[in-house]
Amino acid sequence: MSHKIETVVFPVAGMGTRFLPATKAVPKEMLPVVDKPLIQWAVEEAAAAGCTRFVFVTSPEKGAFMNHFGDAPHYRETLQARGKTAELELLQAGLPANAEIIETFQDDPLGLGHAIWCAREATGDKPFAVILPDDMVQHTTGCLAQMTAQYAATGGNLVAVENVPADQTHRYGVLDPGVETGALVEVKGLVEKPAPENAPSTLAIIGRYILAPEIMDTLSAFKKGAGGEIQITDAMAELIGTVPMNGFRFEGTRYDCGNRDGFLEANLAFSLIEGGAALKQRLRPLLD
Ligand code: G1P
């Protein structure tokens with residue numbers, strides 16, 4: 001089977017209630033980190049990893065994604081008439097020239113596993129990537145590109161992992177780790193959102209996955225797990241022994257933009273890269 005990852009799925013149907021009122025009319029994934037919405041950072045990371053098919057699992061109320069990634073004739077024509085080539089480039093919103101965009105709807109909020117299952121027609125019989133745009137990773141080589149480079153050797157299911165504080169395991173899918181080889185961690189089992197006393201380790205999944213196509217059959221059983229939701233973690237756990245299952249210790253700093261502090265931290269961290277020493281100097285009195 002080819003291990004080339006062409007398709008990436010973005011589960012973005014959620015309501016983003018933690019960011020109300022900002023997310024009443026604007027989807028959470030459209031909130032900007034510096035000058036790009038979260039979803040565009042995710043799309044650019046996938047494009048840098050070689051993906052060309054971008055699948056948005058969304059809801060009918062969230063038309064903003066198609067507006068953002070689709071053609072904008074009013075903008076395009078005005079910018080063309082004014083000869084603003086740099087700004088015209090920005091209208092591409094991070095998509096490669098050969099990009100294929102697919103929108104599919106998740107009608108009920110039945111969980112992350114269900115959202116991924118909603119993309120089954122687009123993913124077909126090939127392995128595919130999943131990015132949760134809430135999780136941002138800052139590194140010169142994007143997290144997904146680091147993973148696709150490993151995938152030829154592993155195949156199966158591959159998840160990005162990092163150690164989290166022991167009292168935070170209830171927020172993540174957590175690994176029961178086996179042998180470690182370089183950045184790869186063999187996975188013997190997986191538990192979704194365990195209480196610290198039940199967690200098999202502190203090695204947690206962050207929002208990057210490369211999944212074998214077999215996952216769709218497993219998900220189609222609609223088994224409910226933690227929180228009464230259909231969990232991708234449970235479906236991957238079920239496939240252990242059938243397809244290879246590995247964790248990947250990525251390089252870079254990860255920001256949890258699903259909560260306000262993490263989102264602000266990401267904005268500061270990414271701003272400082274662009275703003276450099278001058279911005280740092282202006283921020284220092286605020287931080288002190
Ligand atoms: C989801 C997954 C979880 C994973 C996390 C990463 O949880 O279910 O396994 O560790 O993303 O951010 P959620 O954040 O949607 O509750």
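Counting convention: from 1, in listed order, for ligands and their atoms alike. Heavy atoms only: backbone and side chains are in, while hydrogens, waters and symmetry mates are out.
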Only one of T17, T23, D134 passes side chain to side chain donor-acceptor pair (under 3.5 Å) with K28; say which it is.
-> D134
Quick one: side chains of residues 171-183, donor-acceptor pairs under 3.5 Å with protein atoms, not counting sequence neighbours, listed by atom name and distance.
from: R171; atom 1: NH1; to: Q168; atom 2: OE1; distance (Å): 2.7
from: R171; atom 1: NH2; to: D256; atom 2: OD2; distance (Å): 2.5
from: Y172; atom 1: OH; to: R254; atom 2: NH1; distance (Å): 2.9
from: Y172; atom 1: OH; to: R254; atom 2: NH2; distance (Å): 3.4
from: E180; atom 1: OE1; to: R249; atom 2: NE; distance (Å): 3.2
from: E180; atom 1: OE2; to: R249; atom 2: NH2; distance (Å): 2.9

Only counting residues at least two apart or in another chain, list the ones meeting ring-ring contact (aromatic ring centres under 6.0 Å, His included) with F250.
-> none
Pair F56 and F69, ring centroids less than 6.0 Å apart = yes
Between E100 and T52, is there a donor-acceptor pair closer than 3.5 Å when you use the side chain of the first and the backbone of the second?
-> no
Identify all N/O pairs between ligand 1 and the protein with a separation under 3.5 Å and present them as a table of atom names and distances.
from: ligand 1; atom 1: 7 (O); to: K193; atom 2: NZ; distance (Å): 3.2
from: ligand 1; atom 1: 8 (O); to: E192; atom 2: OE2; distance (Å): 2.7
from: ligand 1; atom 1: 9 (O); to: G173; atom 2: N; distance (Å): 2.9
from: ligand 1; atom 1: 9 (O); to: E192; atom 2: OE1; distance (Å): 2.7
from: ligand 1; atom 1: 9 (O); to: E192; atom 2: OE2; distance (Å): 3.4
from: ligand 1; atom 1: 9 (O); to: T233; atom 2: OG1; distance (Å): 3.3
from: ligand 1; atom 1: 10 (O); to: G173; atom 2: N; distance (Å): 2.9
from: ligand 1; atom 1: 10 (O); to: I205; atom 2: O; distance (Å): 2.6
from: ligand 1; atom 1: 12 (O); to: D135; atom 2: OD2; distance (Å): 2.7
from: ligand 1; atom 1: 16 (O); to: K193; atom 2: NZ; distance (Å): 2.8

Please identify each residue that fulfils ring-ring contact (aromatic ring centres under 6.0 Å, His included) with F222, with sequence neighbours left out.
-> H114, W117
